[in-house]
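Working notes for the structure below.
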There are 2 protein chains.
Amino acid sequence: MNEPDLSSRQLRAFVALAETRNFTRAAARLHLSQPAFSALIRALEEAVGARLFDRSTRHVEPTVEGALFLESAQRLLRDLSLSVADLGEHVARRRGRVALAALPALAAGWLPPLLAAFRARYPDIELDVADALSEGCVERVRAGHADFALAAVRASAPELLAQPFCSDGFHLVCPRTHALARRDTVRLRDLAGEPFIHLARTSSVRQRVESALGPGAPALRPVMELEQLSTVAGMVRAGLGITVVPALTLFHFEHPDLVTRPVDAPGLRRQIYSIRRRDRSLSIAAQALFDELLAHRPVLRET
Amino acid sequence: MNEPDLSSRQLRAFVALAETRNFTRAAARLHLSQPAFSALIRALEEAVGARLFDRSTRHVEPTVEGALFLESAQRLLRDLSLSVADLGEHVARRRGRVALAALPALAAGWLPPLLAAFRARYPDIELDVADALSEGCVERVRAGHADFALAAVRASAPELLAQPFCSDGFHLVCPRTHALARRDTVRLRDLAGEPFIHLARTSSVRQRVESALGPGAPALRPVMELEQLSTVAGMVRAGLGITVVPALTLFHFEHPDLVTRPVDAPGLRRQIYSIRRRDRSLSIAAQALFDELLAHRPVLRET
DNA sequence: CGATCTTACGGGATTCGTAAACATA
DNA sequence: TATGTTTACGAATCCCGTAAGATCG
C-alpha cells in the first residue's frame with residue numbers, strides 16, 4: 001500500500017474537530033488560527049484520500065468514514081502518547097534496569113549502601129548486581145549481561161573501554177601479637193622471611209602482589225594458597241602466617257586479634273577500572289548508577 | 001504529559017536507521033539527502049527528549065532507549081498503516097455497508113436485479129434492505145437505520161431531504177373479458193360506476209387515487225378495501241371488480257386472465273422520492289448504490 | 001444579517017540539497 | 001586515507017496569520 005505522511009498534529013486536529021464539531025473552537029484548542037486549522041484538516045483528508053467531515057457554514061460533522069477513522073485516530077494518539085510517556089519514564093529514571101558486575105571486594109563492603117541509596121532515589125529501576133572476579137566481570141560486560149563492571153583488569157577485548165575508577169593500597173594483616181603489629185607502616189623488606197599466606201594464583205590480588213615483588217625484592221616464605229579471604233583471616237588469626245591484601249578487602253579482617261598496617265611500597269597499588277562497551281552508551285538508568293558510584297568511589301589514601 | 005508532535009516520516013526514518021544502522025542508506029530509503037535525514041533524526045530525538053542512537057562516524061546503533069522505542073515505533077507505524085488501509089478499503093468500495101429502505105413496489109420487482117448487480121460488483125459491501133410503506137421508509141432514514149429511502153412522500157421532518165426519483169402512472173387492472181379491456185387506454189370517467197377494489201386507506205396508492213379523483217370526478221363504486229396487492233389480483237381475476245394501481249406494481253397482475261391499461265389522466269401520477277438526511281452525506285458505499293439505482297431508475301412513459 | 005467556513009496572499013519559519021569540515025578505523 | 005556523519009549555507013518550500021469572500025440559517 002501507499003504510506004501517507006501524517007503528523008500527530010493532524011490526528012489531534014482531526015479528533016478535536018470531530019469532538020467539537022466546530023472549526024473555530026477546535027482551532028483554538030490547537031492554538032491555531034482557524035484558516036490554518038482548516039488547511040490542516042484539508043491536508044489530512046487529501047493524505048488519507050477520503051472526505052472525513054460534512055461541513056456547511058452551520059454544521060460540521062464526521063462522515064461515516066470520518067467516524068470510522070475517528071476511532072483509529074484516537075487509538076493511534078493514545079498509543080503514541082503511551083509510547084512517548086514510557087520513553088519519558090526511562091529518561092526520568094522512573095523506569096529502567098541496570099546490570100552491574102563488581103569485584104566481591106567492592107560488592108561486599110562499599111557497594112551495598114550506595115545501592116540502597118540509589119534504590120531509595122529511583123525505586124522503580126531494576127537492579128541486577130553480579131559479584132565476580134575480574135575476568136568474570138569483564139566477560140559479563142562483553143557478553144552484554146552487564147552494562148558496566150568495576151574490576152581490576154584493564155581490558156580483554158577491543159570493544160571494551162576501561163577507565164581508571166579507583167585504586168587501593170595494600171595492607172599487611174598479622175596477629176595483634178606479631179612483631180610488625182607495633183609499627184605504623186611496614187615496608188616490603190620487613191616481610192622477608194615471614195610465613196606468608198597467599199591467595200590462589202587466579203586472584204588479581206595475588207598477581208598484583210607477585211608482580212610488585214619482582215626480582216630483587218625480598219623473598220616471601222609461602223606457607224599456603226587459599227581461595228577465600230575469610231579463610232585467610234582465620235589462618236592469620238591462628239598465627240599460621242601473615243598476608244598482604246588491598247585496602248578494600250580489609251573488612252574481612254576486622255577482628256580483635258588482628259591488626260592491619262599499610263604497606264609502604266610505591267607502585268604496590270591495585271588499580272580498579274570501570275569497564276563498559278566502547279561504542280555503546282550506557283542506558284540512562286545505568287548512567288545514573290554509574291555517576292552515583294563514581295561520585296562516591298572509595299577514597300583511599302595514597303600509599 | 002506533554003504531547004510532542006511527531007510525524008510518520010520521523011518514525012519511518014527512525015525505523016529505517018535502526019534497521020540499516022547507517023545514515024546514508026537509511027536516507028536513500030526515504031529518498032532524502034543524508035544531511036536532511038540527519039536533521040529528521042535529530043528533531044525526533046529532541047521531540048521525545050532522549051538520545052535514540054549512539055553514532056560515531058563508523059558505527060550507528062540504537063541506544064537502550066532507542067531499542068525500546070523501536071518496538072513502539074514499528075507498532076505505531078503498522079497500526080497507522082492498517083487504519084489508513086482500512087479507510088482506503090471503504091473508499092475503494094471494498095468494504096462498507098448500505099442500509100436502504102424502499103417501497104415494496106420497488107423492492108419486489110425493480111430492485112432485486114440491481115442489488116444483484118451491485119453485489120456482484122462490490123461483493124464485500126454489506127447490504128441491508130428494508131421494504132416498508134412510505135412512512136416506515138422515511139422513519140428509518142430519520143432514525144438513522146437507513147442511509148436513504150425510496151418512498152412516495154415528500155418529507156416528514158426538516159432534517160430530511162427529498163428529491164424526485166421517478167414517477168409512475170396508474171394503470172387499470174381488469175379481467176381480460178371486461179369491456180374496458182378492449183381499449184388501449186382508459187380515462188377516469190370510463191371507470192364511473194364500475195365495482196372498484198380499493199387498497200387500504202393507509203396506502204399511498206389509495207391516497208393518490210382518491211386525491212386524483214377529487215370533487216367533480218366520476219364517483220367510483222367501492223366494493224372492498226384490501227391490504228395486499230396479490231389479494232387484489234385474485235379478486236379482480238374472480239371478476240369481483242376492477243382496480244387502478246401504479247405501473248410499478250403491475251408485476252402483481254401478470255396473469256393470462258388479466259389485462260392492464262394505462263389510465264389517461266393528467267396529474268394522476270405517483271411521485272417517488274429519494275429521501276436522505278439533509279446535512280449528512282451518504283457513506284461512500286451508500287452513494288455508490290444510490291448512483292447505481294439512480295442510473296437505472298424505472299423509466300415509465302409519461303401518461 | 002450574523003455566524004462560520006473557505007480562499008487569497010504576504011511574511012516568516014522550516015526543510016531541502018550541495019559543499020565543506022570533521023571524525024574514526 | 002577512505003568512509004561516513006555533522007556543520008554551514010543559500011534556495012525552495014511549507015505553514016502561519018490577517019483580511020476578504022462565500023454560504024447557510
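So you know, we letter chains A, B, ... as the sequences are listed, proteins then strands, and number each from 1.
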Partners of [X] by side-chain hydrogen bond (donor to acceptor under 3.5 Å, both in side chains), sequence neighbours excluded?
| X | result |
| --- | --- |
| A:D86 | A:R95 |
| A:E61 | B:R280 |
| B:S281 | A:D54 |

Mind listing the side-chain donor-acceptor pairs of residues 142-152 of chain A below 3.5 Å, one per line with the distance, residues two or more places apart or on another chain?
residue: A:R142; atom: NE; partner: A:E139; partner atom: OE1; Å: 3.1
residue: A:R142; atom: NH2; partner: A:E139; partner atom: OE2; Å: 2.9
residue: A:D147; atom: OD2; partner: A:A99; partner atom: N; Å: 2.8

Expressed in angstrom and rounded to an integer, what is the separation of [X] atom [atom1] from [N] atom [atom2]?
| X | N | atom1 | atom2 | result |
| --- | --- | --- | --- | --- |
| B:L30 | C:dT15 | CG | C1' | 14 Å |
| B:R55 | D:dT3 | CZ | C1' | 18 Å |
| B:E61 | D:dG4 | CD | C1' | 16 Å |
| B:F23 | C:dC16 | CZ | P | 14 Å |
| A:L52 | C:dC5 | CG | P | 16 Å |
| A:E159 | C:dA25 | CD | C1' | 15 Å |
| B:H59 | C:dT24 | NE2 | P | 14 Å |
| A:L40 | C:dT6 | CG | P | 13 Å |

Taking only residues two or more places apart in sequence, or in another chain, which ones meet [X] in a salt bridge (charged side-chain N to carboxylate O under 4.0 Å, His left out)?
| X | answer |
| --- | --- |
| B:E19 | B:R29 |
| A:D124 | none |
| A:D128 | A:R97 |

Could you pull out all donor-acceptor pairs under 3.5 Å where a side-chain atom in residues 286-294 of chain B meets a protein atom, sequence neighbours excluded?
residue: B:Q287; atom: NE2; partner: B:D291; partner atom: OD1; Å: 2.9

>> Which nucleotide wins on minimum distance to the side chain of B:N22, given the candidates D:dG4, C:dT4, C:dT6?
In response: D:dG4
Report all side-chain donor-acceptor pairs from residues 37-52 of chain A shorter than 3.5 Å, counting only partners two or more places apart or in another chain.
residue: A:E45; atom: OE1; partner: A:R55; partner atom: NH1; Å: 2.9
residue: A:E45; atom: OE1; partner: A:R55; partner atom: NH2; Å: 3.3
residue: A:E45; atom: OE2; partner: A:L52; partner atom: N; Å: 2.8
residue: A:E45; atom: OE2; partner: A:F53; partner atom: N; Å: 3.3
residue: A:E45; atom: OE2; partner: A:R55; partner atom: NH1; Å: 2.9
residue: A:R51; atom: NH2; partner: A:F53; partner atom: O; Å: 3.0

> Which nucleotides of nucleotides 17-25 of chain D have their base under 4.0 Å from a protein heavy atom (B), which only their sugar-phosphate (S), and which neither (-), written as one string 5' to 3'?
Replying inline: BBB---BBS
>> Under 4.0 Å from OP1 or OP2 of C:dT6: is there any side-chain N or O of A:S38 that close?
In response: yes
>> Which residues in residues 4-16 of chain A have a heavy atom closer than 4.0 Å to any atom of DNA chain C?
In response: none
> Do A:L6 and B:V84 pass the side chain to side chain contact (heavy atoms under 4.5 Å, CB included) test, and can you show the C-alpha distance, the side-chain angles, and the key distance before you say yes or no?
Replying inline: CA-CA 10 Å; A:L6 301 186; B:V84 173; 4.2 Å; yes
> Angle class for the A:W110/A:F165 ring planes (parallel below 30°, perpendicular above 60°, tilted otherwise)?
Replying inline: perpendicular
> What bend angle does the helix from C:dC1-D:dG25 to C:dA25-D:dT1 show across its length, from five-pair end axes and to the nearest 10 degrees?
Replying inline: 40°
